[in-house]
Amino acid sequence: MKNTRKPCRWYPVCPMKRFYEEGKIDRRWVEDYCWVDNPDCIRKQMEARGEYHPDNMLPDGTIGKSLD
Ligand code: SF4
């Protein structure tokens with residue numbers, strides 16, 4: 001995906017940033033969601049609705065194994 005858009009506003013505080021920087025998640029997660037402000041991100045959608053979502057929930061809504 002070509003990165004022509006601004007990053008997600010939550011990226012500086014999102015656990016996905018830390019997991020990526022610590023090498024715990026694949027680059028494709030931040031590339032496909034965070035860096036292009038992908039509206040399909042489930043974390044973002046739940047945040048917008050004020051719904052609880054655990055830190056280890058990936059942008060597609062699946063729970064990442066051994067993420068802390
Ligand atoms: S995981 Fe979702 S909410 Fe978090 S920075 Fe990426 S796009 Fe934004």
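In this text, all values refer to a predicted model and were calculated from it rather than measured experimentally. For ligands, and for the atoms within them, numbers begin at 1 and follow the listed sequence.
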Practice task
Could I get the full list of salt bridge (charged side-chain N to carboxylate O under 4.0 Å, His left out) partners for Asp37, not counting sequence neighbours?
Solution key: Lys6, Lys44
Completion exercise
Across all chains, not counting sequence neighbours, the ring-ring contact (aromatic ring centres under 6.0 Å, His included) partners of Phe19 are none
Problem - Set of salt bridge (charged side-chain N to carboxylate O under 4.0 Å, His left out) partners for Glu22, sequence neighbours left out - result: Arg18, Lys24
Practice task
Indicate yes or no for a side-chain donor-acceptor contact from Arg27 to the backbone of Tyr20 under 3.5 Å, with no hydrogens or angles considered.
Solution key: no
Problem - same_hphob_cluster(Tyr11, Tyr33) at 4.5 Å side-chain heavy-atom cutoff - result: yes
Problem - Expected output: side-chain Asn38 to main-chain Asp32 donor-acceptor under 3.5 Å - result: yes
Handout entry: Contacts of atom 2 (Fe) of ligand 1 with protein N/O/S atoms, counting only those under 2.8 Å
Key = Cys41 SG
